Each structure stands twice: as C-alpha cells, then as structure tokens.
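Contents: one structure, followed by commentary.
Please read these numbers as outputs of a predicted model, since none were measured by experiment.
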Amino acid sequence: MNYWLFKTEPSECSIDDFARAPTTPIVWEGVRNYQARNFLRDGVQVGDHVLIYHSSCKDIGVAGIAEVVRSAYADPSQFDCRSIYYDPKAKAEQPRWVAVDLRFVQKLPRLITLDKIKSSAKMAELPVVQKGSRLSVMPVTIQQWRDLLALQ
DNA sequence: GCCAACGTTGGC
DNA sequence: GCCAACGTTGGC
C-alpha cells in the first residue's frame, strides 16, 4: 500500500464537497502533467491512502484523507470538448491522461497548514515543501504520513 | 497581481 | 535534439 498527496483548489473541489456526499466516488480527473500522470497510472493502487491538500487559496494545507477505490483508467474529460480539461490530441484508442476514483475517508478536525508543515523538521523532505515542486500528485512515505498527521 | 520555477511547444 | 518563447502553477 502506498501513500500520496493530491493537490486541489478548494474553489474547484474541496474536502467539504467530498464530505457533503461521502458515499459518492470522487473522480480525480484533469491531471495534465506527465510526471503526475505517471504516478497516477503506475503507482496509485486500490487501497492507497491520499492526503487531500488545498492549494491556491486562503487556507493552504492538508484538509482531509481519501482512499483509492479505482485505479487508473482513461480520463473521460480529455475527450469532452466542453471540458476545460479537453485535450484535442488525445485519441480514444490511445488516451493520454488517466483518472482514478477516491472515496471520502475524513475531513481533518483542523487544517494542517502549510506553515505548520514547513516549520516541522520532519517534513523537510515532503515534496510539497520542496522548492519549485508543482506536481499535483506526489508520493508520501509511511513515515511522512504518520509524522504529518501527528502535526494536527 | 507578482514572479520564480517549472513544463510545453515548435522552428530550425 | 536544441533552445527561445510562451504557458502554467502556486505561494506570497
């Protein structure tokens, strides 16, 4: 089992959206970066646990936890010309992008803020605090997972 | 809205 | 395959 951190802009989809419909699978689509896609396609497995991280917003940080319930499949939004994620170069017989499905596990009682993560020496190696790190899907070690959740 | 740090594109 | 120009991300 692996651990991950997924970034999302809460104005698009936030932990509260998931909490409101906790039994509805969360379709994680729209990843349009090859390195992040490769993690999704080759690494993310059913049963993996995921930190939901809110970015590009007022309250930045880890907001909750989800679990993978479906591994990588062709991201439907790449074929949808009305979608902001539409990719005219993607072909049905050779999809470029993949999606996974998640299940809501919990919203953390309090956000683990980026400030707090940065101020923890144990989190120095966490990809999300590395300079220039912009991946929306990043691996997290079990130790980082435990240490991070211990910050709350 | 600024800007650093990427990633992508396309001409050559 | 190089690299300049352009686009995007995301914290501040």
Side-chain angles (χ1 to χ4, degrees), chain A residues 2-20 26-45 48-68 71-102 104-141 143-152:
Chain A
N2 295 315
Y3 298 85
W4 306 93
L5 182 148
F6 287 9
K7 281 184 194 168
T8 179
E9 298 187 16
S11 59
E12 298 300 317
C13 91
S14 82
I15 196 72
D16 290 318
D17 298 330
F18 306 150
R20 234 173 271 130
I26 302 154
V27 178
W28 206 269
E29 62 182 10
V31 171
R32 294 293 180 271
N33 168 284
Y34 287 106
Q35 205 181 337
R37 178 207 64 184
N38 292 347
F39 280 132
L40 270 189
R41 186 189 59 192
D42 307 329
V44 175
Q45 299 163 24
D48 285 0
H49 284 186
V50 179
L51 298 166
I52 303 297
Y53 176 91
H54 285 173
S55 70
S56 295
C57 59
K58 183 167 145 290
D59 300 311
I60 301 165
V62 173
I65 297 172
E67 180 185 347
V68 179
S71 59
Y73 59 97
D75 181 343
S77 67
Q78 68 193 307
F79 308 122
D80 179 0
C81 61
R82 292 161 307 175
S83 168
I84 55 168
Y85 301 123
Y86 177 61
D87 182 350
K89 292 178 183 168
K91 298 283 168 260
E93 61 275 13
Q94 200 173 13
R96 280 184 149 193
W97 309 111
V98 299
V100 300
D101 289 355
L102 306 180
F104 174 76
V105 174
Q106 67 160 317
K107 178 184 176 177
L108 297 182
R110 283 182 297 124
L111 187 81
I112 302 174
T113 64
L114 179 58
D115 276 350
K116 194 158 196 175
I117 296 169
K118 280 182 170 172
S119 67
S120 165
K122 287 179 174 175
M123 291 295 110
E125 302 301 317
L126 195 72
V128 79
V129 298
Q130 302 289 318
K131 192 173 185 182
S133 140
R134 304 187 312 177
L135 283 183
S136 60
V137 174
M138 314 181 168
V140 174
T141 67
Q143 196 57 51
Q144 287 169 336
W145 177 279
R146 289 183 185 136
D147 290 340
L148 186 83
L149 290 177
L151 293 177
Q152 65 181 319

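- Among the protein residues, A:Lys89 comes within range of the sugar-phosphate backbone only, with heavy atoms under 4.0 Å from sugar or phosphate atoms but none that close to a base.
- Ring orientation note: the planes of A:His49 and A:Tyr3 are nearly perpendicular, at an angle over 60° on the 30°/60° scale.
- A:Gln94 contributes no side-chain N or O that, together with a main-chain N or O of A:Lys91, makes up a donor-acceptor pair within less than 3.5 Å.
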One character per nucleotide, please: for nucleotides 7-12 of chain C, 5' to 3', B when the base has a protein heavy atom closer than 4.0 Å, S when only the sugar-phosphate does, - otherwise. BBBBSS

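- Applying the side-chain contact (heavy atoms from CB on, under 4.5 Å) test to A:Ser14 and every residue at least two apart in sequence or in another chain returns A:Pro10, A:Asp16, A:Asp17, A:His54.
- Taking the six-membered ring for Trp and the full ring otherwise, the centers of A:Trp97 and A:Tyr34 sit less than 6.0 Å from each other.
- With sequence neighbours excluded, no residue satisfies ring pair (Phe, Tyr, Trp, His ring centres under 6.0 Å) with A:Phe104.
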